[in-house]
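Have a look at the structure below before the remarks.
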Amino acid sequence: MKNKYILLPLLFAGLLSAQTKNDFVSPNENLIVENILPIPKSLNQTIKKYSESRNAGVADIHPNGKEIIAVTRFASTNQLHKISVPMGARKQITFFDEPVNTASYEPVKGEYLIYTKDTGGNEFGQLFKLDLKTMESKLLTDGGRSQNGGVIWKKDGSGFYFSSTKRNGGDRDIYYMNPLKPENAQLVLEVKGGGWGISDLSEDGKKLLVAEYVSANDSYLYLYDLEAKKLEPITDRKEKGVVQSAGVFSKNPDEIFYITDRNNEFSRLAVLNLKTKKTEYLTSSIPWNVEDYELSEDKSTLAFVTNESGINKLYTLDTATKKYVPVSQIPIGLIGGVKFSNDGKSLYFSRSAADSGADVYKMDMATRNIERWTESEQGEMQPSDMSVPKLIEWKSFDQMKISGFYYPASSKFTGKRPVIINIHGGPEGQSMASSIGSSNYFTNEMGVAMIYPNVRGSSGFGKTFIAADNWDLRMNSVKDIGALLDWIARQPELDKDRIMIMGGSYGGFMTLATAYEYADKIRCSVDIVGISDFNTFLKNTEEYRRDLRRVEYGDERIPKMAEFFTKIAPLNNIDKIKKPMFIIQGTNDPRVPVTEAVQMRDKLKAQGKTVWYLEAKNEGHGFRKKENVDFQRLAVIRFMQEYLLK
């Protein structure tokens, strides 16, 4: 009897423990969690209104022009879906744990697709052939540690050219493959560097337009004669600080369209005569970047997209007259994925706005009538739940004008509001006037304002601005955040004493640097796949990226640069970090290796700092699988509850 009464309290304690455990969200088996406080399941229910939104984009158009392949998510990851009529059913055709975001129809009959897929976010994309009759997929490339993509088809559909790093893992060479005989794939052009890709194939199939990306400020175009096996420069490789990209053959075989910022702050659409080398600039009257364009199959019409202060605009251009007109029927927002049908009668594109996700639309080129093809669910979110951004500007330490987008907290909250500063990656990225999706939970339910700054080094503001943070100018961009902290302090509705810094990739470095440079002006920080030391980052990032990143950040092999990196490394300034930090990382990240996060975490712990840590074993450069994204979101909210809002 004595043993019975001893066991009863233990039994009740076990039941209580099990009950308590069941009240909290458990991380899935792929997540490594350290120091994260328990997350109540009730919070998971509250956030669901904001976490179930979707987006849709165009992957490709069938040769018949009447159906499309769209990319959207219905389960854990983005997959390919076939849509045959506007607002029709989205028939899912790929079903993988890993996301599929690109696809290309065989261009004559459209009986199969070529798509790209990696494993666990490692970005070593492999090419697959999907037979649309049998729905069977076949691996076409080596399946190993190579990157493959950039498919450019022959007009007759007999094969395609693509780029791959399979020769040595660092150089991105050009190959040709007949997808019906992938084992006979041929190396067409051997190059040096990881920034090479194919822009176009001539009408007669004899010449390739090849692009070499060196940095956000330097890129070049070449013509490769497939018969003579000769590579000739179209642009001058000695001319530095000029972008020359996105080359496409025009109707005249001696001319190409391309995008360049030569002799201008912004990238313009231009025509280059290959024989005379004379360039005609087509969009000089638009003082903004032309970001993308698409030429119709008959080369008579061109559609191009501009980035005008964080908002996209679509234009169409008559290639005979070189005159263009804006497409005024599209409401203000972001535009992408512009593609013509083969007959040139229709133009498909995706559009999103601050109060909606991305969806697919089709424009009739004759009538300019726009037809919606998808309506992606936004969960239970209504437009009234979504914060609408305001463009803000402030002056930095050197009087340079910096801008960003400010998403106010809901008006139902009174008093000074806490602030999240969310810094984009790149550093050549750009925060635009887009929907913040599930982050509307912060503004609408937590009363937290959000600011997305475009510090120097961001794209979209001219080539002088994008180069203003290179090499030993790196910390000037951190000072731009310091000036933003001062701007916040002057706003009557914002609380300068409750600011959280957050960012991913290069934005992660900015977060870490702000955490030590402005420790007394912030409350906490969230570093997502961030760089903690440029010396170790450049040593460990994948080989195909290393030289490309050295152009932007500096070359660690130069002693003075290595010394500078050592000085500014957040890893070497741990003693200055005073506020709690949350570090989030993917194990398979090829860009910012997991070692950047681990060394930062370990040194913070060694010095007794407060640090939360979340790592996903099946992710790379940021989380893409919904179950991981959901847990990350909940953990960040829990972190904010504990360290920002109290």
Worksheet item: Backbone N or O of Q92 within a donor-acceptor pair of the K82 side chain at under 3.5 Å?
Response: no
Item to complete: Could you tell me whether E596 and R591 have a side-chain N and a carboxylate O separated by less than 4.0 Å?
Response: no
Worksheet item: Any idea which heavy atoms bring L314 and V338 closest together, and the distance?
Response: CD1-CG2, 4.3 Å
Item to complete: Taking the side chain as every heavy atom from C-beta outward, state whether Y518 and V478 have any pair of such atoms under 4.5 Å apart.
Response: yes
Worksheet item: Any donor-acceptor pair under 3.5 Å linking the side chain of R638 with the backbone of P38?
Response: yes
Discussion item. Assess, by modelled atom type and distance only, whether the side chains of E428 and S459 contain a donor and an acceptor separated by less than 3.5 Å.
Written reply: no
Item to complete: Start with the C-alpha gap between N28 and N628, add the side-chain angles, then the distance that decides, and say whether side-chain hydrogen bond (donor to acceptor under 3.5 Å, both in side chains) holds.
Response: CA-CA 8 Å; N28 66 65; N628 297 335; 2.9 Å; yes
Fill in: Parallel, tilted or perpendicular, as decided by the 30° and 60° cut-offs, for the rings of F96 and Y115
tilted
Discussion item. Testing the 3.5 Å rule here: is there a donor-acceptor pair between the side chains of Q378 and S356?
Written reply: no
Worksheet item: Is there a donor-acceptor pair under 3.5 Å between the side chain of W394 and the backbone N or O of D480?
Response: yes
Practice prompt. Please lay out, stage by stage, how E393 and S403 fare under the test side-chain hydrogen bond (donor to acceptor under 3.5 Å, both in side chains).
Written response: CA-CA 4 Å; E393 295 178 345; S403 65; 5.6 Å; no
Discussion item. Is any side-chain heavy atom of V71 closer than 4.5 Å to one of L80?
Written reply: yes
Worksheet item: Going by distance alone, is a donor N or O of one side chain under 3.5 Å from an acceptor N or O of the other, for N440 and S387?
Response: no
Item to complete: Answer yes or no: is there an ion pair linking E517 with K576, defined by an N-O contact shorter than 4.0 Å?
Response: no
Item to complete: Grab the two heavy atoms, one from S51 and one from S438, that are nearest each other, plus how far apart they are.
Response: CA-CB, 4.3 Å
Worksheet entry | side chain to side chain contact (heavy atoms under 4.5 Å, CB included) assessment of K609 paired with M581 | CA-CA 8 Å; K609 311 284 184 176; M581 181 176 290; over 6 Å; no
Item to complete: Could you tell me whether the side chain of I451 reaches within less than 4.5 Å of the side chain of I488, counting heavy atoms only?
Response: yes
Worksheet item: Quick one: does S396's side chain have a donor or acceptor within less than 3.5 Å of a partner on D398's backbone?
Response: no
Worksheet item: How close do Q79 and P99 get, heavy atom to heavy atom, and via which atoms?
Response: NE2-CA, 3.9 Å
Worksheet item: Does a donor on one side chain and an acceptor on the other come within less than 3.5 Å for T587 and Q585?
Response: no
Discussion item. Would you call the rings of F304 and Y315 parallel, tilted or perpendicular, taking 30° and 60° as the class edges?
Written reply: parallel
Response to the item:
Exactly one candidate in M502, R633, M450 meets side-chain contact (heavy atoms from CB on, under 4.5 Å) with S439; the answer is M450
Fill in: Test item: V611 and I583 side chains (from C-beta on) under 4.5 Å apart, heavy atoms
yes
Worksheet entry | Lys/Arg cation over aromatic F397: K479, 6.0 Å, 45° cone | yes
Item to complete: May I ask you to decide whether R624 forms a salt bridge with D118, counting only side-chain N to carboxylate O separations under 4.0 Å?
Response: yes
Worksheet item: What are the two closest non-hydrogen atoms of G337 and S350, and how far apart are they?
Response: N-OG, 4.3 Å
Worksheet item: Taking the six-membered ring for Trp, are Y348 and W373 ring centroids under 6.0 Å apart?
Response: yes
Item to complete: Give a yes-or-no answer on whether the side chains of S525 and T511 include a donor-acceptor pair shorter than 3.5 Å.
Response: no
Discussion item. Using 30° and 60° as the class boundaries, would you call the ring planes of Y50 and Y441 parallel, tilted or perpendicular?
Written reply: perpendicular
Discussion item. Checking F582 against Y643 for the ring pair (Phe, Tyr, Trp, His ring centres under 6.0 Å) test, could you report, in this order, the C-alpha distance in whole Å, the side-chain angles of both residues, the deciding distance, and whether it holds?
Written reply: CA-CA 11 Å; F582 189 177; Y643 299 114; 9.7 Å; no
Practice prompt. Verify, without hydrogens or angle tests, whether R54 (side chain) and R73 (backbone) share a donor-acceptor contact under 3.5 angstrom.
Written response: yes
Fill in: Shortest non-hydrogen contact from P593 toward F537
CD-CD1, 4.3 Å
Worksheet entry | Residues E29 and K617 bridged, charged N to O under 4.0 Å | no
Practice prompt. Mark yes or no for whether E308, through its side chain, and K313, through its backbone, hold a donor-acceptor pair below 3.5 Å.
Written response: no
Worksheet item: Is there a donor-acceptor contact under 3.5 Å linking the side chains of T46 and E445?
Response: no
Discussion item. Taking the basic N atoms (NZ, or NE/NH1/NH2) and the acidic carboxylate oxygens, is any pair closer than 4.0 Å for E52 and K626?
Written reply: yes
Discussion item. The test is side chain to side chain contact (heavy atoms under 4.5 Å, CB included); show your working for D486 and K521 and say whether it passes.
Written reply: CA-CA 9 Å; D486 294 338; K521 292 187 176 183; 2.9 Å; yes
Worksheet entry | Plane angle bin for Y407 and Y452 - parallel if under 30°, tilted between 30 and 60°, otherwise perpendicular | perpendicular
Discussion item. Distance to the ring centre below 6.0 angstrom and angle to the axis at most 45 degrees; does that hold for R456 and F465?
Written reply: no
Worksheet item: Do the side-chain N and O atoms of E265 and T464 include a donor-acceptor pair separated by under 3.5 angstrom?
Response: yes
Discussion item. Could you tell me if D359 and S376 have a donor-acceptor pair between their side chains, going purely by distance under 3.5 Å?
Written reply: yes
Discussion item. In terms of relative ring orientation, are Y506 and Y553 parallel, tilted or perpendicular, with 30° and 60° separating the classes?
Written reply: parallel
Worksheet entry | Min side-chain heavy-atom separation K578-D520 under 4.5 Å | yes
Worksheet item: Hey, are E377 and R90 close enough for a salt bridge, meaning a charged N less than 4.0 Å from a carboxylate O?
Response: yes
Worksheet item: Hey, does M510 have a side-chain heavy atom less than 4.5 Å from the side chain of S477?
Response: yes
Discussion item. I want to check something: taking the side chain as every heavy atom from C-beta on, are K339 and L347 in contact at a cut-off of under 4.5 Å?
Written reply: no
Practice prompt. Show the numbers, then the answer: is there a side chain to side chain contact (heavy atoms under 4.5 Å, CB included) between D589 and V594?
Written response: CA-CA 6 Å; D589 193 340; V594 65; 5.9 Å; no
Discussion item. Between E380 and K48, does any NZ, NE, NH1 or NH2 come within less than 4.0 Å of an OD or OE carboxylate oxygen?
Written reply: no
Worksheet item: With distance as the sole test, does N588 use its side chain to make a donor-acceptor pair with the main-chain N or O of G120 at under 3.5 Å?
Response: yes
Item to complete: May I have the step-by-step check of side chain to side chain contact (heavy atoms under 4.5 Å, CB included) for N312 and N307, ending in yes or no?
Response: CA-CA 5 Å; N312 291 136; N307 173 357; 4.1 Å; yes
Worksheet item: Quick one: are R523 and M500 in side-chain contact, heavy atoms under 4.5 Å?
Response: no
Practice prompt. Taking all non-hydrogen atoms of both residues into account, name the closest pair between R351 and P331 and its distance.
Written response: NE-O, 3.2 Å
